Peer 1: 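Starting off with a structure, shown below.
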Amino acid sequence: RVCQDHYCILGSRYNLGIIYAQEGALGKALQELEWCEANLGGDDALRDYIYVWLAKVLTTAGRTAEASRYRKLIKSPEIE
């Protein structure tokens, strides 16, 4: 049985985004991480982790201004 719970889907897509980033598939990584950001709801605990990875992927893609914007949104600097 496949989990259809919001947090299960969110976690799966977050992890998939990280895997894509580590494999160099930056477009796919951004797609997954941006989906996570859009579907977080009120879950602030995951928000910083998503922002960290969005910043990493955008930096790698050469989109430093966008990466900087996400870094500024991170509330817990110890996560980076």
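Keep in mind it's a predicted model, so treat the numbers as computed, not measured.
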Peer 1: Can you name the nearest heavy-atom pair linking Ser76 to Asp48, along with the distance?
Peer 2: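 Smallest heavy-atom distance, with atoms named: N-OD2, 2.9 Å.
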
Peer 1: Return the minimal non-hydrogen interatomic distance between Ala29 and Ala21, and the atom names on each side.
Peer 2: CB-N, 3.6 Å

Peer 1: Going hydrophobic residue to hydrophobic residue with side-chain gaps under 4.5 angstrom, can you get from Tyr7 over to Leu40?
Peer 2: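 Unlinked, Tyr7 and Leu40 end up in two clusters.
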
Peer 1: For Ala55, is there any backbone N or O sitting under 3.5 Å from a side-chain donor or acceptor partner on Thr59?
Peer 2: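 Pair found, side chain donor or acceptor close to backbone of Ala55.
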
Peer 1: How close do Leu33 and Gly17 get, counting heavy atoms only, and between which atoms?
Peer 2: CG-CA, 4.2 Å

Peer 1: Can you find a pair of side-chain heavy atoms, one from Leu58 and one from Tyr70, that are under 4.5 Å apart?
Peer 2: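 A side-chain contact exists here, since the closest heavy-atom pair is under 4.5 Å.
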
Peer 1: Should Trp35 and Leu30 count as side-chain neighbours, where that means a heavy-atom distance under 4.5 Å?
Peer 2: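 SC-SC contact between Trp35 and Leu30 ruled out.
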
Peer 1: Return yes if a side-chain donor-acceptor contact under 3.5 Å exists between Glu37 and Tyr14, otherwise no.
Peer 2: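 Absent: no donor and acceptor within the cut-off.
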
Peer 1: Between Tyr49 and Leu16, is there shared hydrophobic-cluster membership here, with clusters defined by ILVMFWY side-chain heavy atoms closer than 4.5 Å?
Peer 2: no

Peer 1: So, for Ile50 and Cys36, which heavy atoms are closest and what is the spacing to 0.1 Å?
Peer 2: CD1-CB, 3.6 Å

Peer 1: Can you measure from NZ (Lys75) to CZ (Arg47) and round to the nearest 0.5 angstrom?
Peer 2: 6.5 Å

Peer 1: Just one of Arg63, Arg71, Glu34 clears the side-chain contact (heavy atoms from CB on, under 4.5 Å) bar with Leu54, so which one?
Peer 2: Glu34

Peer 1: Taking the side chain as C-beta and beyond, is there a heavy-atom pair between Tyr20 and Glu32 under 4.5 Å?
Peer 2: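 Yes, close enough: below the 4.5 Å cut-off.
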
Peer 1: Got a second to check how far Ile74's CD1 is from Tyr51's OH, nearest 0.5 Å?
Peer 2: 9.5 Å

Peer 1: Treat each ILVMFWY residue as a node, draw an edge where side-chain heavy atoms are under 4.5 Å apart, and state whether Val57 and Ile19 are in one component.
Peer 2: no

